2 protein chains.
Amino acid sequence: MHPRKVADSTVRRLAIYLRFLEEFADQGADTVSSGALAQRAGTTSAQVRKDLSFFGSFGKRGLGYDVPALGARLRQILGLTRRYRVLLVGAGRLAGALAQYAGFAARGFDVVAVVDRDPAKIGTCWGALRVDDVDRLEKIVVAERVEIAILVTPAEPAQQLADRLVATGITAILNFAPVQLQVPGVVEVKNVNLAVELETLSYALQHREEN
Amino acid sequence: MHPRKVADSTVRRLAIYLRFLEEFADQGADTVSSGALAQRAGTTSAQVRKDLSFFGSFGKRGLGYDVPALGARLRQILGLTRRYRVLLVGAGRLAGALAQYAGFAARGFDVVAVVDRDPAKIGTCWGALRVDDVDRLEKIVVAERVEIAILVTPAEPAQQLADRLVATGITAILNFAPVQLQVPGVVEVKNVNLAVELETLSYALQHREEN
DNA sequence: CGCGGCTCGTGAAACATTTCACAAATGCAC
DNA sequence: GTGCATTTGTGAAATGTTTCACGAGCCGCG
């Protein structure tokens, strides 16, 4: 049911399909074809069917997929049938945006704590959250039963903070710092680098204009 | 010199190499080997050499690469020898974080205007910027000579805003809205979906625990 | 019931990317 | 100058991903 190795690109698409399935469900549709999903997600019907086929066969030939059933199955595959407790490391503007981002909570990711090094930020409140001292990071991870850390700091302190997070037993990090974190193999790291996205746009513009 | 088609994954790595080259330059290193770059970037020396080989041969056998020269060459390849004028569409918290993000300005991306639909936000100031009415979007694009738009809105208005941006002649969009934008082929779109990143982490956790 | 129009599931083919492996250069020591 | 330790650049092989093509199943209709 869960194959050994599924490509990251496939998993990302599954998450996208889920988003559009929920949209279809809101519109009252009860079945959807691979072609319809593909069009919304910007891919092909064959790709949709192949992606799903890694995990089983959920459709009815001639009909398509049952919208609520496939949605439930995708949530199960992606591990979204439960909620996760998330710690924000860094209390800058981006952290603030993430803390309030409804898209996280809607998907089961609850920000339960925020830490920072800056005394001017420590003690300030963000909605129901209070920014805590980064010195208390280890205690907070344990007390709040944190499962996922989001690293939203400058490059310099990122590796050391990652080491401390790993030492507490955290095994999932979403890293916004522009460094390649060195962590043990059991720890899952996803990197997001916003500047790189703009730079690839710049490359595309540059290259198109030269043709 | 600029080959027909270079993989997106290669371009992203070039941007990452550039970041570490600048770090090496700050430390006063004047040459760097593919292996040293690879270690920092989390890849292999062969990958680094292959990536660079698409654009020419910049190294000296036995020695490595000249740090400032390779940096300059990467900036040229990525189109970062000039500055870009960027418009933020949407004035939420994420937009605020992006507007202030030093990493953009450092790379040549200047946010020159912000628009929103919410009357409560229009007229408020963000540093030197004043939030403008989205109704004036077309005028602003022309007056400010905007080249890149960053779409930071909910899903619903995103497609319509993209249509308006495309109509003004904008050919590069960084899209944070969770929709697949339909645009003409000449328009470059990069999608960033923060919830999807967390969901792929969730998948990894889920899957690991089942093994 | 049998037929026709859909749509899925999936092996095989096509295509893309990464890794390998090694010749060719380079600098340094002596 | 010669030999040695390095490190690049690059075809070829290996691996990974997407697309194709088609058999098989399902529904509705007469």
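It should be emphasised that the depicted structure is a prediction, and the values quoted were computed from it without experimental measurement. The chains referred to below are lettered A, B, ... by the order of the sequence lines, with proteins before strands, and numbering in each begins at 1.
Straight-line distance from the NZ atom of B/Lys50 to the P atom of C/dC22: 15 Å, rounded to whole Å. Between B/Asp51 atom CG and C/dT17 atom P there is a gap of 11 Å when expressed in whole angstrom units. A/Lys60 places its NZ atom 7 Å from the P atom of D/dC27, with the value rounded to the nearest Å. Rounded to whole angstrom, the span from the CZ atom of B/Arg12 across to the P atom of C/dA16 amounts to 19 Å. For the pair A/Asp66 CG and C/dC8 P, the interatomic distance rounds to 13 Å; values are reported in whole Å. Counting to the nearest Å, the C1' atom of D/dG25 and the CZ atom of A/Arg61 are 5 Å from each other. For the pair B/Phe58 CZ and C/dA25 P, the computed distance is 19 Å after rounding to whole Å. Computed from coordinates, the A/Phe54 CZ to C/dG11 P distance equals 11 Å when rounded to whole Å.
Along DNA chain D, the nucleotide closest to A/Leu63 and the one closest to A/Ser9 are compared, and the more 5′ of them pairs with A/Ser9.
For residues 30-47 of chain A, proximity to DNA chain C is found at A/Ser33, A/Ser34, defined as any non-hydrogen atom under 4.0 angstrom from a strand atom.
One finds a salt bridge joining A/Arg75 and A/Glu22 here, because a Lys/Arg side-chain nitrogen approaches an Asp/Glu carboxylate oxygen to under 4.0 Å. Note on A/Asp66 versus A/Arg73: no salt bridge recorded, every NZ/NE/NH1/NH2 to OD/OE distance being 4.0 Å or above. Salt-bridge annotation for B/Arg12 and A/Glu197: present, with a side-chain N of the basic residue lying under 4.0 Å from a carboxylate O of the acidic one.
Taking every side-chain heavy atom of B/Thr10 into account, C/dT18 is the closest of C/dT7, C/dT18, C/dA12. The side chain of A/Ser53 approaches C/dT10 more closely than any other nucleotide in the set D/dC26, C/dT10, C/dT26. Out of D/dT19, C/dC22, C/dT26, the shortest distance to the side chain of B/Arg49 is found at C/dC22.
Between the side chains of B/Ser33 and B/Tyr65, no donor-acceptor pair of N or O atoms lies under 3.5 Å.
With hydrogens and angles ignored, the 3.5 Å screen pairs no side-chain donor or acceptor of A/Thr43 with any backbone N or O of A/Ala38.
The side-chain tip of A/Arg40 points at the ring of A/Phe24 from less than 6.0 angstrom away and within 45° of straight on. Relative to the six-membered ring of B/Tyr17, B/Arg13 misses at least one condition, a distance below 6.0 Å or an angle of at most 45° to the axis.
Applying the 4.0 Å criterion to OP1 and OP2 of C/dC8, one finds that A/Ser57 has every side-chain N and O outside that range. Within the 4.0 Å cut-off from OP1 or OP2 of C/dT18, at least one side-chain nitrogen or oxygen of B/Arg13 is found. Contact annotation: A/Tyr65 side-chain N/O to C/dC6 OP1/OP2 distance is not under 4.0 Å.
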